[in-house]
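Structure first, then comments.
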Amino acid sequence: MKAERVETVAAIRARVARARGRGKTVALVPTMGALHTGHGELIRRARSEADFVVVSVFVNPIQFNSAEDFELYPRTLETDIDFCGRFGADAVFAPSAREMYPEPQLAFVEVSSLGDSFCGEFRPGHFRGVATVVAKLLNIVQPDRAYFGEKDAQQLAVIRRMVADLNLPIAIIPVATVREPDGLAMSSRNARLKPEDRAAAPLIYEALQAAARAVAEGGAPEKAKRAGMEVLARDPRFQVEYFECADPATMKIAERISGPVLILAAVWLGGVRLIDNILCGQHRSN
Ligand code: AMP
């Protein structure tokens, strides 16, 4: 099945209205394109849980704080549309920047504190840009359900809180991180890695697992962090932006382990910024 390419807000609203008129439920999968199997899993889930599936493909300028990063972000729209069709999407909403931002954006959604730490600290304004574009997409498509990857754990936390705080009548569905066979989390940015960097990249997941083991053994957050950092130190090409144990509810550094712990990493490898995380420690009582 081929997914229909839709470029304007009016046209996607008309497609959704038609589906609604036929009693269909609607799902949205927001993406920035350069789709891979991780995105495919979101679309597959959406397909199995809703009648009309929209995938948005939009490289959102207001969430980038480096013009170079924005320019270098991979853009593969034609193959993305075929990909969406193979995974059963009905429509691909691929607006231009002018369609999304006909005037300079003056209204923003800010999920304070949740979006200030970790990626928010190193990419100021990033989560404001993310929350704003997701709010716009949710208002344009007005789905029953929207799908987000746990790979971007802080983004997921920000979106969930935005939807709760603003009473948006939309279910946010988290989807587990899809990994390459060697453990590297799938990411559109992986395509930018040089072969030797791609070969080294699975060390990120190894480091997260080492930290998770330390937590499972009852280690304090600093011990878990040390265990992970030791793994990354094996290869000097890794520049660690942050590697921390966080409280998933507040997105602050965990002072002690007293419930679920999110181990979060952001590293630079050959000029490419990669993030990954794992959730652990949730089986502890008190
Ligand atoms: P992006 O195109 O990178 O903005 O991602 C679009 C959506 O796909 C986000 O909700 C991501 O969290 C999700 N996603 C990206 N990579 C993966 C992955 N490896 N596994 C699961 N979800 C992913």
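Ligands are counted one by one from 1 in listed order, and the atoms in each one are counted from 1 as well.
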I need the contact type for [X] against ligand 1. Using non-hydrogen atoms and a strict under-4.0 Å cut-off, is it side chain, backbone, both or neither?
X: Gln155; value: side chain
X: Leu42; value: side chain
X: Ser187; value: neither
X: Tyr73; value: side chain

Exercise for the section: Please state whether His36 comes within less than 4.0 angstrom of ligand 1, counting heavy atoms only. Expected result: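 Yes, that is the case, since the closest heavy atom of the residue is under 4.0 Å from the ligand.
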
Practice task
Assess Glu41 for proximity to ligand 1: is some non-hydrogen atom of it under 4.0 Å away?
Solution key: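 Heavy atoms of Glu41 never come under 4.0 Å of ligand 1.
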
Exercise for the section: Looking only at protein heavy atoms, identify the closest one to atom 5 (O) of ligand 1 and say how far it is in Å. Expected result: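 Looking only at protein heavy atoms, the one closest to atom 5 (O) of ligand 1 is His39 NE2, 3.4 Å.
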
Problem - Identity and separation of the nearest protein heavy atom to atom 10 (O) of ligand 1 - result: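 Scanning the protein heavy atoms, the shortest distance from atom 10 (O) of ligand 1 goes to Gly149 N, 2.9 Å.
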
Exercise for the section: Indicate yes or no: does Arg234 engage Glu206 in a salt bridge with an N to O separation below 4.0 Å. Expected result: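 Judged by the 4.0 Å cut-off on N to carboxylate O distance, Arg234 and Glu206 do form a salt bridge.
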
Practice task
Determine whether Val92 and Asp80 make a side-chain contact, defined as any pair of heavy atoms from C-beta on separated by less than 4.5 Å.
Solution key: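 Result no, sub-4.5 Å side-chain heavy-atom pair not found.
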
Problem - Flag side-chain contact, heavy atom, 4.5 Å: Pro124 against Asn65 - result: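 Side-chain contact under 4.5 Å: yes.
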
Handout entry: Any donor-acceptor N or O pair under 3.5 Å, side chains Glu121, Tyr242
Key =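 The answer is no; no qualifying pair exists.
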
Problem - Between Tyr101 and Asn60, a side-chain donor and acceptor under 3.5 Å - result: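 On atom types as modelled, these side chains qualify, holding a pair under 3.5 Å.
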
Problem - Minimal non-hydrogen separation, Gln154 against Ser117, with atom names - result: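 Looking at all heavy atoms of both residues, the shortest contact is NE2-O, 2.9 Å.
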
Based purely on interatomic distance, does [X] place a nitrogen or oxygen under 3.5 Å from a nitrogen or oxygen of ligand 1?
X: Asp152; result: yes
X: Val178; result: yes
X: Phe148; result: no

Exercise for the section: Give, for atom CG of Leu28 and atom CZ of Phe93, the distance between the pair rounded to the nearest 0.5 Å. Expected result: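 The CZ atom of Phe93 is 9.5 Å from CG of Leu28, to the nearest 0.5 Å.
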
Exercise for the section: Give the atoms of ligand 1, by number and element, whose distance to some non-hydrogen atom of Thr177 is under 4.0 Å. Expected result: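 Here the atoms of ligand 1 in question are 20 (N), 21 (C).
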
Exercise for the section: List the steps, then state whether side chain to side chain contact (heavy atoms under 4.5 Å, CB included) holds for Leu77 with Arg5. Expected result: CA-CA 10 Å; Leu77 184 57; Arg5 174 177 180 166; 3.4 Å; yes

Exercise for the section: Run down the list Ala146, Ala153, Pro30 and name the one with the heavy atom closest to atom 6 (C) of ligand 1. Expected result: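 Looking at heavy atoms only, the winner is Pro30.
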
Handout entry: Closest to atom 4 (O) of ligand 1 among Arg189, Met186, Met32, Glu180 (heavy-atom distance)
Key =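 It is Met32 that holds the nearest heavy atom.
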
Exercise for the section: Check whether NZ of the Lys or CZ of the Arg Arg75 lies under 6.0 Å from the centre of the six-membered ring of Phe70 and within 45 degrees of that ring's axis. Expected result: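 Yes, cation above the ring, under 6.0 Å and within 45°.
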
